[in-house]
There are 4 protein chains.
Amino acid sequence: MSVEEKDSQQPAPKKGRGQSGSVSRRLILDVAAAMFSAQGFTETSMREIAAKAGMRAPSVYYHFTSKEQILSEILSIAIRSTNLAVRESVERLPADAAPRRKIEAAVGAHVRSLHRNIHYTATSVRYQGQVPQEVALNVRADRETYADYWQQLLAEAAASGDLSPTINRQFLQPLILGSMNHTINWYDAGRGNLEELILTVLALFKGMWPHQDR
Amino acid sequence: MSVEEKDSQQPAPKKGRGQSGSVSRRLILDVAAAMFSAQGFTETSMREIAAKAGMRAPSVYYHFTSKEQILSEILSIAIRSTNLAVRESVERLPADAAPRRKIEAAVGAHVRSLHRNIHYTATSVRYQGQVPQEVALNVRADRETYADYWQQLLAEAAASGDLSPTINRQFLQPLILGSMNHTINWYDAGRGNLEELILTVLALFKGMWPHQDR
Amino acid sequence: MSVEEKDSQQPAPKKGRGQSGSVSRRLILDVAAAMFSAQGFTETSMREIAAKAGMRAPSVYYHFTSKEQILSEILSIAIRSTNLAVRESVERLPADAAPRRKIEAAVGAHVRSLHRNIHYTATSVRYQGQVPQEVALNVRADRETYADYWQQLLAEAAASGDLSPTINRQFLQPLILGSMNHTINWYDAGRGNLEELILTVLALFKGMWPHQDR
Amino acid sequence: MSVEEKDSQQPAPKKGRGQSGSVSRRLILDVAAAMFSAQGFTETSMREIAAKAGMRAPSVYYHFTSKEQILSEILSIAIRSTNLAVRESVERLPADAAPRRKIEAAVGAHVRSLHRNIHYTATSVRYQGQVPQEVALNVRADRETYADYWQQLLAEAAASGDLSPTINRQFLQPLILGSMNHTINWYDAGRGNLEELILTVLALFKGMWPHQDR
DNA sequence: AATGAATGAGCCTTCATTCAT
DNA sequence: CATGAATGAAGGCTCATTCAT
């Protein structure tokens with residue numbers, strides 16, 4: 001339920017606290033992410049979050065200035081952790097790996113990250129562009145950074161000839177990411193095999209590559 | 001913004017004040033669908049809906065018994081109209097058309113229906129499985145009918161050998177539909193060409209078909 | 001459910017109508033009395049009354065100018081019919097009957113009237129002095145007329161020596177009437193014998209009469 | 001206006017703002033009892049209750065979960081306090097007191113309790129069996145306990161021969177209690193003498209006792 | 001770090017009533 | 001006589017948030 005993200009961009013509440021805020025802080029985020037993804041943001045009350053975190057509503061305000069800040073942080077964590085996982089997975093390939101292989105690695109890492117931090121990422125996917133103004137501003141930069149990385153991968157593939165020229169590149173990235181993101185709505189980790197899901201996605205997407213292999 | 005759906009369960013009124021009648025009813029649905037898809041269900045108040053429909057909140061209750069009933073009806077209309085459009089498009093093919101052609105026709109019709117009734121369908125997609133209990137019950141039947149139709153198309157394709165055997169059929173339908181549905185989150189009708197979007201989807205999905213054509 | 005009261009003090013709605021207003025009018029009163037006594041005045045809506053009377057709410061306004069007028073008329077009918085029944089029963093005695101016998105006759109008639117027109121009288125008892133200002137004014141006169149009649153019976157009994165002098169006459173009338181009126185809260189016509197109830201009341205009240213008989 | 005009842009199911013708060021604590025709770029009950037008995041339950045709004053208690057409506061919900069819970073608690077307090085007062089008064093008699101004396105003591109205690117906590121008991125009497133389902137369930141047990149106690153007193157009197165055999169015992173208890181309860185509708189503490197009211201009640205009810213004394 | 005108590009804002013809904021037809 | 005449609009008023013209740021302790 002928790003996430004590997006370590007640093008928090010909020011200034012530490014009061015007294016110097018080494019790394020990232022109290023345990024309560026992370027607990028609140030975890031609890032809130034679980035509830036936001038299950039019931040929605042507005043449908044989850046601060047009292048409910050507090051109760052599940054073992055405290056009363058006013059206590060939450062010691063750690064966060066508002067409900068929206070909680071959402072904002074969840075979204076950031078979701079996007080950043082996926083961003084990080086995808087980059088690491090691509091960089092783990094040999095330096096001269098084919099662009100196609102890089103994209104396939106990215107697909108795998110993206111799906112895996114999605115379902116590893118399901119509460120965070122589900123919240124993130126659900127609230128794409130529907131969040132309150134203020135939250136949107138905080139998160140937009142992270143989203144764009146991630147989108148840019150994919151655009152870069154696709155550009156490399158196009159340049160190398162790996163990418164089929166019959167495909168409209170303007171539509172490609174949202175289609176691919178959207179397709180994967182949507183799996184949070186139906187893929188049940190308890191009843192399926194995640195690696196097989198990834199293989200299916202890759203098989204379905206074979207249309208991207210003009211030079212059929214195998 | 002409106003939809004081709006005809007029947008309503010209210011007995012058709014005669015001739016109200018001015019020229020109203022069931023016109024108010026449809027107007028409320030249109031307005032509500034637009035707001036639900038843009039801001040969300042809970043974030044939209046009955047007062048707002050009423051205001052945009054040119055009346056006061058209590059008047060809405062003359063036509064609908066609750067806010068949830070409005071949502072329920074929007075979801076039904078969305079699903080039924082897409083269902084209808086897809087079936088018609090498939091049935092318009094020659095009786096002996098290849099299963100693959102049927103699926104391609106279905107993809108086109110689904111995407112077109114999605115973006116033709118964007119407010120209704122966006123509401124529907126956004127609230128997949130997150131709607132209040134009571135609403136879910138009303139809509140479940142329609143959703144299942146539609147899902148069954150796709151399963152049937154895929155089964156035919158598998159039987160005829162059109163469908164690649166390397167693809168996990170359990171994951172196929174949600175992946176395809178999810179990918180298309182997700183386009184409502186990013187495809188902007190004002191700035192793109194819908195038919196080209198469809199072609200891109202079909203191209204991306206070529207992995208489905210083992211016998212590469214062209 | 002209906003009542004023997006014939007004349008209504010409301011001016012006949014529009015066109016001359018012989019005696020008392022339409023059948024609908026009486027039907028509405030009957031239905032309203034039943035609901036007021038069962039659920040209370042505020043808890044009964046005009047829509048409910050209309051529905052049980054086989055019409056829609058606005059139609060009720062053809063017969064009555066407001067919900068309060070309906071209540072007002074029910075209360076009047078209840079009090080007047082009991083008043084009438086009690087007087088008739090006393091006057092049916094021989095002219096020289098003992099005051100005690102008159103009071104006993106009045107007790108019997110009061111209880112009988114109470115339970116014959118139970119919906120009307122129950123409404124009346126329940127809303128003793130709790131009705132909206134305007135309604136109270138309309139009904140006060142009727143109530144006082146009836147109370148005066150009992151005071152007169154008691155005065156006669158006191159004058160004749162029938163009434164025990166050890167009883168505070170100031171408290172007697174409300175105690176007697178209250179005791180009888182309260183029976184509408186518990187006496188179930190379907191499961192008891194009304195005449196026996198009356199006998200029990202008379203037996204309980206024997207304390208009134210100092211000269212024990214039988 | 002207040003009542004001797006002590007326990008509340010809320011955990012006793014520590015020390016609120018100023019000197020509140022459970023004080024607000026009791027204040028709300030007192031205020032609500034006064035308004036319910038004067039205007040009725042439905043006719044009293046939470047906003048009114050709050051205003052008379054010196055707060056705003058939402059604050060009331062900190063102490064009670066619903067308007068009905070307030071009613072429920074008022075009814076419980078009314079019935080329990082009367083129950084307690086009556087029992088104590090009977091138990092204060094010599095152990096070998098005649099059943100008749102016990103009943104007379106009970107009558108006195110009941111009437112005194114009724115008019116001592118007039119707002120609570122008036123609410124209770126007014127809403128005999130007309131309260132919302134959920135409230136009825138909470139209070140039924142208390143009511144039955146009290147009714148049973150009276151039945152027991154009457155049974156003792158019957159067994160000892162104190163009670164007149166010509167009186168239908170099935171009707172006796174509701175007649176007696178109803179008569180006393182009804183006094184809340186007309187007896188004005190400011191203008192009468194409560195002990196004299198009790199004596200009048202006892203005198204009126206002499207019919208119960210076949211062996212006339214004094 | 002936490003919380004008891006309170007509150008402004010606002011929401012969904014119901015209701016008595018109106019009015020043109 | 002009756003009603004379809006609409007509305008001002010108000011009601012019960014929830015919520016995010018505050019603040020003194």
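The model shown is predicted, which means the values in this text are computed figures rather than measured ones. Proteins come first, then strands; the chains are lettered A, B, ... in the order of their sequence lines, and each starts at number 1.
- Around atom CD of D:Glu134, no more than 12 heavy atoms belonging to other residues, nucleotides or ligands sit under 6.0 Å away.
- Between C:Ser66 and E:dA16 there is no side-chain N or O to OP1 or OP2 distance below 4.0 Å.
- Taking side-chain N and O atoms only, A:His63 has a distance below 4.0 Å to OP1 or OP2 of E:dA2.
- When Watson-Crick and G-U wobble pairs are counted only if both distances are under 3.5 Å, E:dA1 pairs with no nucleotide at all.
- Applying the side-chain contact (heavy atoms from CB on, under 4.5 Å) test between C:Leu71 and each of C:Thr123, C:Thr44, C:Leu29 identifies C:Thr123 as the sole match.
- For C:Ser24, no side-chain nitrogen or oxygen approaches OP1 or OP2 of F:dC1 to under 4.0 Å.
- Proximity of a side-chain donor or acceptor of D:Arg126 to a complementary backbone N or O of D:Ser37 within less than 3.5 Å is detected.
- Across all strands shown, the partner of E:dT21 is F:dA2, judged by Watson-Crick or G-U wobble contacts whose two distances both fall under 3.5 Å.
- Side-chain nitrogen and oxygen atoms of C:Ser59 include none within less than 4.0 Å of the OP1 or OP2 phosphate oxygen of F:dC1.
- One finds no side-chain N or O of A:Tyr62 lying less than 4.0 angstrom from the OP1 or OP2 phosphate oxygen of E:dA2.
- When each of C:Ala57 and D:Pro58 is assigned the nucleotide of DNA chain E bearing its nearest heavy atom, the one mapping closer to the 5' terminus is D:Pro58.
- Of the residues in residues 40-56 of chain B, B:Thr44, B:Ser45, B:Met46, B:Arg47 come within less than 4.0 Å of DNA chain E through at least one heavy atom, sorted by number.
- By the 4.0 Å N-to-carboxylate-O rule, C:Glu73 lies close enough to C:Arg25 to be salt-bridged with it.
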